[in-house]
Amino acid sequence: MVQDLRTLGLPALLSFHTVARLGGISVAAERLGLAKSGVSRHVAQLEAHFGVRLLERGARSVKLTTVGARLDQRVRSILAEVDLLRDIVDEESDTLSGNVSVAATPEFGQVIATRFFPEVRAQHPGLTLSMRPAYEFEDMQDPGTDIAFRIGTFKDDRLVALELGAFCSVVVASPEIAQRYPVSAPEDLSDAPCLTFRGDRTYSTWTLYSGAAQADIEVSGAFGVRSFTILRELALAGHGYAILPEFILTEQLRKGALVRCLPKHTSRDFLVYLTYRPGARRVARLGATIAIAEAFVPRLLSENWHPSA
């Protein structure tokens, strides 16, 4: 099988992956700096080699067939491993240098960028760090992403995942809203204006825990936004109650701009994972960054984010 693959060069795999990621042959050719005919030839070589159609070609775009999508997942891994080999060769033995590309959700990414990035630079001044915040977990499918901080459950046997700790969300509101719509039990939120983490509707179900007790509350309001930062701003402006990650509330609670409501209730714990590809630790700049994350981020997550209520 390995000998059969000798006819498949890395350029063909890279062309196919770029077409799959960008959704078109023309845009892929432009990104790769190749002729459109060259990219088309690469894809055709793969289809001929495997004897299957990998792309469904439309007038203006292409999409992956079922087998094409499965193949692209493996091609991503192959290209990522090639990048690791290049890094191993290029890495300076005496001084760590180069860039580490990190992925994280926008709000947790803010914590990582403002607290973790400076810690890495303090220990290794030759390293630089970059981040593309996003809620979607497509980050590690991009060979250009080195490590990712993921929140929630994690299942991907192609990646290594280190559990670093956890955080929870709490119910907050502006003092005006808390006074106008007082809540003494989770059920009271059903009759109060609430801000929901949704991009498709303005109602949701909030699940709150107090010890072993669980409460599921149907809430609704005028605004649903799939951004915790924007929801925090709406809560500050007095548009309703919100349930937000505690780590984005430190200043607002300290200054009294927001108040913690139902202080005995929180969301479930959200686990935080550091994920990376097998072999990443062998690259000096990545191994050093991962080691710092293992030691530093758990301490960060164990901090008392908000004043006690």
Side-chain angles (χ1 to χ4, degrees), residues 2 5 8-18 20-22 31-33 71-105 108-134 136-151 154-165 271-301:
V2 173
L5 291 176
L8 299 178
L10 284 174
L13 298 179
L14 181 58
S15 290
F16 169 66
H17 169 65
T18 307
R21 183 160 57 92
L22 300 181
R31 176 67 61 86
L32 294 170
L71 180 64
D72 184 50
Q73 292 179 354
R74 296 305 178 188
V75 169
R76 289 189 185 106
S77 298
I78 292 171
L79 294 175
E81 287 298 322
V82 171
D83 280 345
L84 288 178
L85 292 175
R86 185 184 302 117
D87 287 338
I88 290 172
V89 173
D90 293 342
E91 203 87 80
E92 296 182 16
S93 58
D94 54 345
T95 303
L96 291 181
S97 62
N99 185 68
V100 179
S101 177
V102 180
T105 60
F108 194 71
Q110 180 178 356
V111 174
I112 291 300
T114 58
R115 301 288 300 277
F116 174 65
F117 279 14
E119 180 69 18
V120 175
R121 286 276 296 176
Q123 296 191 36
H124 301 289
L127 293 180
T128 60
L129 300 103
S130 58
M131 179 185 293
R132 290 171 290 176
E136 290 74 21
F137 285 158
E138 301 299 318
D139 37 60
M140 295 303 292
Q141 295 182 10
D142 183 349
T145 301
D146 295 314
I147 63 175
F149 292 91
R150 290 185 172 180
I151 295 172
F154 178 84
K155 293 181 180 179
D156 192 332
D157 58 7
R158 296 167 299 173
L159 300 174
V160 177
L162 300 177
E163 183 180 322
L164 299 179
L271 296 176
V272 177
Y273 294 92
L274 176 66
T275 68
Y276 52 89
R277 298 179 187 86
R281 284 183 180 271
R282 295 195 301 269
V283 180
R285 62 183 174 82
L286 301 185
T289 304
I290 291 168
I292 296 172
E294 285 182 289
F296 183 79
V297 177
R299 297 200 304 270
L300 193 62
L301 289 167

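Note that these values count all heavy atoms, side chains included, but never hydrogens, waters or copies made by symmetry. Just so it is clear, the structure is predicted and the values come from calculations on it, not from any experiment.
Ring orientation note: the planes of Phe296 and Phe116 are tilted relative to one another, at an angle of 30° to 60°.
Applying the side chain to side chain donor-acceptor pair (under 3.5 Å) criterion to Ser15, with sequence neighbours excluded, gives His42. Contacts of Gln110 classified as side chain to side chain donor-acceptor pair (under 3.5 Å), with partners at least two apart in sequence or in another chain: none. In this structure, the side-chain contact (heavy atoms from CB on, under 4.5 Å) partners of Arg121, at least two apart in sequence or on a different chain, are Thr128, Leu129. Residues satisfying the side-chain contact (heavy atoms from CB on, under 4.5 Å) test with Leu271, not counting sequence neighbours, are Glu163, Ala166, Tyr273. Judged as a side-chain contact (heavy atoms from CB on, under 4.5 Å), and not counting sequence neighbours, the contacts of Pro133 are Pro106, Met131. Every residue two or more places apart in sequence or in another chain that forms a side-chain contact (heavy atoms from CB on, under 4.5 Å) with Ile290 is listed here: Ile147, Leu162, Leu274, Tyr276, Ala280, Arg281, Glu294.
Considering all non-hydrogen atoms of both residues, Ala284 and Leu96 come closest at CB-CD2, 3.3 Å. Scanning all heavy atoms of the two residues, the minimum distance from Ala293 to Leu164 falls at O-CD2, 4.1 Å. In terms of heavy-atom proximity, Gly109 sits nearest to Ala104 at CA-CB, 3.7 Å.
One distance of note links CG of Leu300 with CD1 of Ile112; it measures 6.5 Å at 0.5 Å rounding. If you take CD on Gln73 and NE2 on His17, they are separated by 11.5 Å, rounding to the nearest 0.5 Å. Here Arg21 contributes atom CZ and Leu14 contributes atom CG; the two are 8.5 Å apart, rounded to the nearest 0.5 Å. Put simply, OG1 on Thr145 and CZ on Arg76 are 11.0 Å apart, with the number rounded to the nearest 0.5 Å. Separation of atoms CZ (Arg74) and CG (Leu79) is listed at 13.5 Å; rounding is to 0.5 Å.
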Audit row: Ile292, Glu119, side-chain contact (heavy atoms from CB on, under 4.5 Å) steps and yes/no: CA-CA 8 Å; Ile292 296 172; Glu119 180 69 18; 3.9 Å; yes

Quick one: do Arg132 and Ser101 satisfy side-chain contact (heavy atoms from CB on, under 4.5 Å)? Show the steps, please. CA-CA 8 Å; Arg132 290 171 290 176; Ser101 177; 3.9 Å; yes

Please determine whether side-chain hydrogen bond (donor to acceptor under 3.5 Å, both in side chains) holds for the pair Thr105 and Arg150, giving the CA-CA distance in whole Å, both sets of side-chain angles, and the decisive distance to 0.1 Å. CA-CA 7 Å; Thr105 60; Arg150 290 185 172 180; over 6 Å; no

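With hydrogens and angles disregarded, no donor-acceptor distance shorter than 3.5 Å links the side chain of Asp146 to the backbone of Val102. Judged by distance alone, with hydrogens and angles left aside, the side-chain atoms of Arg285 form no donor-acceptor pair with the main-chain N or O of Leu127 at under 3.5 Å. Using modelled atom types, no side-chain atom of Thr275 and backbone atom of Ala161 make a donor-acceptor pair closer than 3.5 Å.
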